Amino acid sequence: MDFQLTEDQRALRDGVREILEGRFDGAALRGAADSGPPSLDRALWRELGDAGFFSLRVPEAEGGVGLGLAEAVLAFEEAGRALLPGPLVATFLAAGEVAGAAQGTTVVTAASGGLVPWLEEADVVRGDVSGAVPLRSVDPLTPLHRVPGDGGEGGAADAEGDLLIAAEQLGSAGKTCEMAVRYARERTQFGQAIGAFQAVKHLCAQMLVRAEVARAAVYAASVTGDGAEIAGAKLLADEAAVRNARDCLQVHGGMGFTWEADVHLHLKRAWVREGLGRSAARAEEELAAAL
Amino acid sequence: MDLTYTQEEESFRAGLREWLARTLPQLPPRPDPLDWPGRRAYDMGWQRRLYDAGYAGLHWPVDAGGRGATPTQHLIFLEETEKAGAPYVGANFVGLLHAGPTIASEGTAEQRARWLPPVLRGDEVWCQGFSEPDAGSDLASLRTRAWRDGDDYVVSGSKIWTSHAEVADWCELLVRTTPVSDDVPKHRGISWLAMPMDAPGITVRPLRTLAGSTEFAEVFLDEVRVPVANRVGAENDGWRVTMVTLSYERGTAFVGEVVACRRVLGDLAREARKNGRWDDAVLRRRLGRLSAEFGALWRLTQWNVSESQRAGSGVPGVGGSVFKLRYSHARQELYEAAGEVLGPAGALDLGHEWTLDRLSSLSYTIAAGTSQIQQNIVAERILGLPKGR
Ligand SMILES: Cc1cc2nc3c(=O)[nH]c(=O)nc-3n(C[C@H](O)[C@H](O)[C@H](O)COP(=O)(O)OP(=O)(O)OC[C@H]3O[C@@H](n4cnc5c(N)ncnc54)[C@H](O)[C@@H]3O)c2cc1C
C-alpha cells in the first residue's frame with residue numbers, strides 16, 4: 001500500500017493547475033462574475049479539450065489520454081480550486097459517447113437532482129428536461145433550470161459524476177482555506193495580524209482539518225470506485241466546501257460580505273454542487289443501509 | 001495512489017490472522033475494569049504472547065529489539081488485532097506507544113538495552129509524568145525540580161493525571177533542571193528522566209475519574225533520587241525530547257482505535273435494527289454520517305502512514321494533530337449515537353459497555369493535548385499563522 005500521489009499524478013495535477021492559472025486566473029474569474037448573465041467561454045472549452053481535460057479517461061485507442069478515475073479526480077480538484085464555470089462533469093462523462101465532447105467542441109449538460117446547469121448554452125442535454133423552468137441562479141457563474149423529475153439517478157455514471165463533483169468541492173475547500181490563511185496573516189487589528197487571535201486561528205485549523213478529511217475520502221473513493229465510499233466522499237466534500245467558504249467569509253469580516261471578495265463565489269458554487277448529484281440525506285441513508 | 005497491499009504485506013496479514021484465530025480463544029476472561037492489578041496482569045500477559053509470537057514492537061527499529069517492520073505492516077497489525085477483538089494495549093500504552101519509541105530514537109545504546117526489552121516482553125509498565133497541577137496545556141511551565149547530587153538527581157514536586165501510576169514500574173518524567181530566569185526561558189531548563197516508581201519518596205494517590213475508575217493518579221515526589229544515567233537526551237534539552245514523545249502520542253497511538261470504532265458502528269446498526277430504533281430516520285442518518293466519518297478517518301490514517309513511510313523518518317509529523325482533532329470528536333459522536341440507540345434505560349445503565357465507553361470518550365478531547373491546543377498546533381505549525389500571546 002502506498003496511498004500517496006505518484007510522480008505522474010503530481011505532474012498531472014501541476015500541469016492542470018498551470019493551464020488553469022494561465023487561462024482562467026483570478027482576473028478572469030472576476031471578469032466572468034462581473035459581466036452580467038454568464039456565458040460559456042467556448043474558446044477555453046476547446047483549449048481544455050485540446051489539453052486532454054475531457055478525454056482523460058477515454059482509452060488511448062479511441063484517441064483519449066487513457067488515464068483512470070484517480071487522475072480525473074485530481075484534474076477536477078484543480079477545476080474546483082479555480083472555480084472554473086461550465087458543465088464540466090457532464091461533458092467529461094459524455095466524452096467518448098457524444099461526438100465532440102472529448103475535444104471540447106460539443107458542450108454537454110445533464111439533469112441531476114432536479115436541476116440542470118447551463119441548459120441554454122449546451123449543445124447536448126442528457127436526461128429528461130421536459131418542463132424545465134429557469135431559476136434566478138444564486139451563483140452568478142452557473143445558470144440553472146429546475147425540472148420536475150430528478151433526472152433519473154442511480155447509475156454508474158451518476159456515481160462517477162458525484163465523485164467528480166466531490167473533487168471540485170475538495171478543490172474549493174482547499175482554496176478557501178488558503179484564502180482565509182493568507183488574509184489572516186495580512187490583515188491587522190489591535191496592532192497585530194488577526195491570525196494571531198485564537199478565535200481566528202481555530203476557524204482556520206478546522207478548515208484545514210475538514211479539507212484533509214475530505215481529501216482522504218475523495219482520493220480513496222477514486223482508487224476503489226466503491227459506491228459507499230463515493231457516497232461518503234460526496235457527503236464530506238460538500239460539507240467541507242460549504243463550511244470552509246462560510247468560515248473563510250467570517251475571517252474576511254466585512255470584506256467577505258462584498259461582491260469584490262471571491263469568497264461568495266466559492267460559497268455559491270459549493271451550494272450549487274451540493275444540490276447536484278447525491279444529496280446529504282440520500283448519501284447518509286445509503287451509508288446507513290450498508291452498515 | 002495505491003490502496004492494494006503487496007504480496008508480502010498480505011502474507012504478513014494472513015499469518016497474523018491465523019495466529020489471532022488460534023490465540024484469542026485461549027485468553028483468560030478480562031478482569032473487571034476497576035481491578036487495576038488484575039488488568040495489569042492481563043494486559044502484560046497479552047504483550048507476552050505477542051512477544052513470544054514475534055509480534056512485539058513490530059514498528060520499533062531492530063537495534064531497539066523491534067522487528068523493524070514498515071509502517072504499513074504496523075498498520076495491518078493494528079487493523080487485524082482490532083478487527084479480531086484482541087485485547088487493547090491497555091497498561092502498556094505509555095511504554096509501547098510513546099516512552100519506548102522515544103528511548104529508541106533518543107536514548108543511548110545502554111538505555112535502549114536496559115528499558116526496551118522489558119517493555120516488549122511485557123515485564124515492565126511505564127507511566128507518563130508530564131502534567132502538573134499548574135502545568136497542563138502550558139506544559140513547559142512545569143515546576144518539579146531536580147538538582148544534582150553526585151551521580152543522582154534529587155527530584156521534588158508533584159505530577160497529576162498520571163495514568164496507570166498505581167501499577168507502573170517506570171515513569172517518563174519531566175523535571176526542571178535549570179530554574180527559569182531572564183536568560184533561561186521556560187522551555188530551556190527541562191530534562192527527560194526515567195524514574196523507577198519504587199524509589200523512596202514517591203507517593204501515589206489515586207484519583208477517581210467520572211467513570212468511577214482510578215485510571216490516573218496524583219504522584220508526589222519528595223527528594224526522590226534518580227541516577228543521572230537515567231536522563232534521556234542532554235540536560236536541559238528535555239523539551240526537544242518531549243516533542244518527540246508527544247508526536248508519537250498523537251501520531252500513532254490512536255490509529256488502531258478507528259478500526260474498533262467502525263466495528264462498534266456496525267454493532268450499533270445491528271442493535272438498532274433489533275430494538276426498533278432503526279425506524280427513526282434522524283438516528284439512521286446520524287449513523288450513516290458516522291460511517292462516512294470513520295471511513296474517511298481510516299483512509300486518512302492510511303494516507304498518514306504512507307506519508308511517513310515515504311519520508312522514512314519514523315517520527316510522525318504534525319499531521320497527527322489533524323487526525324487527533326477530528327477523531328476525538330468523532331469518537332464522542334459515536335458514543336452519543338450509542339446512547340440514542342440504547343434509549344434511556346440502556347444509556348443510563350453503567351452495566352452496558354457502551355455507557356462506560358461513552359463516559360471515557362469524554363477524555364479524548366482533553367488527554368494528550370486538548371482540542372484547543374491541537375487547533376493552535378495546526379494553525380501555527382501547519383498553516384504558519386503567527387503565534388498568539
Ligand atoms: C484521561 C486522562 C489521562 C491523562 N493521562 C495523563 C498522563 O498519563 N500523564 C500526564 O502527564 N498527563 C495526563 N493527562 C493530562 C492531560 O495531558 C491534560 O489534562 C491536558 O493536557 C490538559 O491540561 P489541564 O487538564 O491542566 O487543562 P488546562 O490546561 O487547565 O485547560 C483547561 C481548559 O482551558 C483550555 N486552554 C488552556 N490553555 C489554552 C490556550 N492556550 N488556548 C485555548 N484554550 C486553552 C483547554 O483547552 C481546556 O479546555 C491525562 C488527562 C486525562 C483526561
Side-chain angles (χ1 to χ4, degrees), chain A residues 1-6 9 70 73-74 177-178 180-181 184-185 192-198 200-224 226 228-229 231-236 239 280-291, chain B residues 1-6 9 72 75-76 265-266 268-270 272-273 278 281 283-307 309-310 319 321-323 325-326 330 371-372 374-380 382-389:
Chain A
M1 183 211 53
D2 180 17
F3 188 28
Q4 296 284 302
L5 267 56
T6 62
Q9 286 169 338
V73 153
L74 294 173
C177 177
E178 278 174 35
V181 169
R185 286 157 95 162
Q192 61 182 327
I194 58 168
F197 299 121
Q198 209 173 49
V200 173
K201 216 172 250 186
H202 289 190
L203 281 175
C204 293
Q206 286 299 343
M207 291 170 77
L208 181 79
V209 170
R210 265 184 230 120
E212 291 304 304
V213 170
R215 177 184 314 284
V218 171
Y219 285 6
S222 80
V223 173
T224 64
D226 176 76
E229 282 214 279
K234 175 73 165 54
L235 186 67
L236 293 173
E239 182 180 76
R282 209 183 116 207
E284 285 167 352
E285 286 286 9
E286 280 176 27
L287 286 159
L291 277 174
Chain B
M1 291 183 285
D2 185 1
L3 284 166
T4 55
Y5 291 84
T6 63
E9 288 161 350
T72 301
L75 189 74
I76 292 170
L265 187 59
L268 293 188
R270 249 186 307 285
R273 286 192 172 101
W278 193 254
L283 176 62
R284 229 170 35 231
R285 286 185 51 185
R286 199 168 165 186
L287 296 180
R289 178 165 283 268
L290 280 166
S291 173
E293 184 74 22
F294 283 107
L297 283 167
W298 173 245
R299 295 310 194 185
L300 184 60
T301 298
Q302 291 179 311
W303 181 269
N304 288 341
V305 165
S306 293
E307 198 171 36
Q309 188 155 320
R310 280 225 191 156
S321 288
V322 171
F323 175 83
L325 253 176
R326 185 83 167 218
S371 290
Q372 285 69 38
Q374 302 297 341
Q375 289 180 112
N376 288 349
I377 291 172
V378 169
E380 289 167 11
I382 302 181
L383 297 176
L385 287 170
K387 272 204 172 302
R389 277 172 292 175

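So you know, we letter chains A, B, ... as the sequences are listed, proteins then strands, and number each from 1. For clarity, every value in this text was computed on a predicted model and none was experimentally measured.
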Quiz item: Are B/E293 and A/L236 side-chain neighbours, meaning at least one heavy-atom pair lies under 4.5 Å?
Solution: yes
Self-check item: Region of B/W298 in contact with chain A, defined by heavy-atom distances below 4.5 Å
Solution: neither
Quiz item: Are the side chains of A/D2 and B/Q309 in touch, meaning some heavy atoms are under 4.5 Å apart?
Solution: no
Practice problem: State the NZ-CG distance between A/K201 and B/L383, to the nearest 0.5 angstrom. | Solution: 10.5 Å
Quiz item: SG/A/C204 to CD1/B/I382 distance, rounded to the nearest 0.5 angstrom?
Solution: 12.5 Å
Quiz item: When rounded to the nearest 0.5 angstrom, what distance separates CG in B/D2 from CD in A/Q4?
Solution: 11.5 Å
Practice problem: Just do the side chain to side chain contact (heavy atoms under 4.5 Å, CB included) check on B/R326 and A/R210 with the steps written out, would you? | Solution: CA-CA 8 Å; B/R326 185 83 167 218; A/R210 265 184 230 120; 3.7 Å; yes
Practice problem: Name the member of B/L3, B/V378, B/L265 that forms the most heavy-atom pairs with chain A at distances under 4.5 Å. | Solution: B/L3
Practice problem: Heavy-atom pairs under 4.5 Å with chain B are the metric here; pick the option from A/A283, A/A290, A/A221, A/A281 that has the most. | Solution: A/A281
Practice problem: Can you tell which part of B/L75 gets under 4.5 Å to a heavy atom of chain A, answering side chain, backbone, both or neither? | Solution: side chain
Self-check item: Options A/L208, A/T6, A/V218, A/L203, ranked by heavy-atom pairs under 4.5 Å with chain B, top entry
Solution: A/L208
Quiz item: If you round to the nearest 0.5 Å, how far is CE of A/M1 from CD of B/Q302?
Solution: 5.5 Å
Practice problem: Could you tell me which non-hydrogen atom of A/A289 sits nearest to which non-hydrogen atom of B/R273, and how far apart they are? | Solution: O-NH2, 3.5 Å
Exercise. Give, as side chain, backbone, both or neither, the part of A/E239 having an atom under 4.5 angstrom from any heavy atom of chain B.
Key: side chain
Practice problem: Among A/R215, A/E285, A/E212, A/M207, single out the residue with the greatest number of heavy-atom pairs under 4.5 Å to chain B. | Solution: A/E285
Practice problem: Would you indicate whether the side-chain heavy atoms of B/L325 and A/Q206 approach each other to under 4.5 Å? | Solution: yes
Quiz item: Which bit of B/E307 is near chain A, if near means a heavy-atom gap under 4.5 Å: side chain, backbone, both or neither?
Solution: both
Exercise. Measure distances from A/V223 to the heavy atoms of chain B and classify the residue's part below 4.5 Å as side chain, backbone, both or neither.
Key: side chain
Quiz item: Is it the backbone or the side chain of A/A233 that comes under 4.5 Å from a heavy atom of chain B, or both, or neither?
Solution: neither
Quiz item: Going by heavy atoms in the side chains, are B/R289 and A/L287 under 4.5 Å from each other?
Solution: no
Quiz item: Do you know which two heavy atoms are closest between A/A217 and B/A296, and how far apart they sit?
Solution: CB-CB, 3.9 Å
Quiz item: Looking only at heavy atoms, what is the nearest atom pair of A/A280 and B/R285, with distance?
Solution: C-NH2, 4.2 Å
Quiz prompt | Proximity breakdown for A/L5 and chain B, heavy-atom pairs closer than 4.5 Å | solution = both
Quiz item: Which pair of heavy atoms, one from A/F3 and one from B/S306, lies closest together, and at what distance?
Solution: N-OG, 2.7 Å
Quiz item: Of the backbone (N, CA, C, O) and the side chain (C-beta and beyond), which part of A/L291 lies under 4.5 Å from a heavy atom of chain B, both, or neither?
Solution: both
Exercise. Mind checking the CD-CD spacing from A/Q198 to B/Q372? Nearest 0.5 Å is all I need.
Key: 7.5 Å
Quiz item: With respect to chain A, which residue among B/P386, B/A292, B/A281 yields the maximal number of heavy-atom pairs within a distance under 4.5 Å?
Solution: B/P386
Quiz item: So which part of A/E286 gets closer than 4.5 Å to some heavy atom of chain B, the side chain, the backbone, both or neither?
Solution: neither
Exercise. Decide side chain to side chain contact (heavy atoms under 4.5 Å, CB included) for A/T224 and B/R299; before the verdict, give the C-alpha distance in whole Å, the side-chain angles of both, and the deciding distance to 0.1 Å.
Key: CA-CA 11 Å; A/T224 64; B/R299 295 310 194 185; 3.5 Å; yes
